[in-house]
Structures are given as structure tokens and as C-alpha cells.
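Step one of this worksheet: look at the structure below.
For reference, positions follow the sequence shown, starting with 1.
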Amino acid sequence: MPDMSASVSLAMTHLVPLAKEVDENKVTPGVLGFIVFAAMALAVWGLMKSMSKHMGKVDFKESTTTDASGETAAATPATSEKTSPAKG
């Protein structure tokens, strides 16, 4: 296997002069940065719209059940009751 330090040092000697030519005060994201940001913003907007539509379909009303004695009782949630309540 060849020594990688020689190729790394060779690459650095060619790339360092290119980096010094860039003016740090004039570097901007450019058109590509704007396009990527706009695409991400549209994706988030679409996801929020879809989530809002799906949340509108959810029925939050608690159903009642009839037990063996004929009394109506509220349905218990599907979560485990062994969990301790949060203390704050």
C-alpha cells in the first residue's frame, strides 16, 4: 500500500494557493444556495400542509363503553398505567 502522506501533501500544495485567491469578504452562497434553501422551504411548507390535513381527520372524542354490569364507563387509553406521572 503506498504512503498516503505524500499524496496528501501533494494535494495540499496544489489546493492552498487556490484557497488564498478567494476573497473572504466576497464569498456568498450564490444561486445554488438560494435554490437549495427555496426547495427546502417548499418541502417544509408541503409537509406542514399535509400534516394539518391529516390532523384534521383525527377524532379526539373519547368513546364510552358498557361493562358487564351495564354501567357506561369511559374508555381507557392504550398506554400503560405503570408509568409514573411527570413531576414538575
Side-chain angles (χ1 to χ4, degrees):
M1 183 168 223
D3 186 19
M4 296 302 262
S5 63
S7 60
V8 170
S9 65
L10 181 63
M12 289 302 293
T13 56
H14 290 298
L15 292 177
V16 169
L18 292 176
K20 293 196 183 237
E21 293 175 10
V22 176
D23 185 11
E24 294 179 6
N25 297 325
K26 294 183 181 179
V27 175
T28 62
V31 176
L32 180 63
F34 175 75
I35 291 171
V36 169
F37 181 77
M40 290 175 59
L42 285 172
V44 169
W45 176 77
L47 287 171
M48 292 296 289
K49 189 171 180 177
S50 175
M51 185 186 73
S52 177
K53 184 175 86 173
H54 286 288
M55 291 299 286
K57 294 180 182 179
V58 175
D59 183 21
F60 289 106
K61 294 180 182 174
E62 191 172 326
S63 63
T64 57
T65 59
T66 306
D67 59 4
S69 63
E71 297 178 10
T72 57
T76 58
T79 59
S80 173
E81 295 191 347
K82 293 181 180 180
T83 59
S84 62
K87 295 180 182 179

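Contact annotation: the side chain of Met48 never approaches that of Ser52 to less than 4.5 Å [non-hydrogen atoms, C-beta and beyond].
If you chain together ILVMFWY residues whose side-chain heavy atoms come under 4.5 Å of each other, Val31 ends up grouped with Ile35. The hydrophobic cluster containing Leu32, built from Ile/Leu/Val/Met/Phe/Trp/Tyr side-chain heavy atoms closer than 4.5 Å, also comprises Val36, Met40. With a 4.5 Å cut-off between side-chain heavy atoms of Ile, Leu, Val, Met, Phe, Trp and Tyr, the cluster of Phe37 takes in none. Grouped by direct or indirect side-chain proximity (heavy atoms under 4.5 Å, Ile/Leu/Val/Met/Phe/Trp/Tyr only), Trp45 sits alone.
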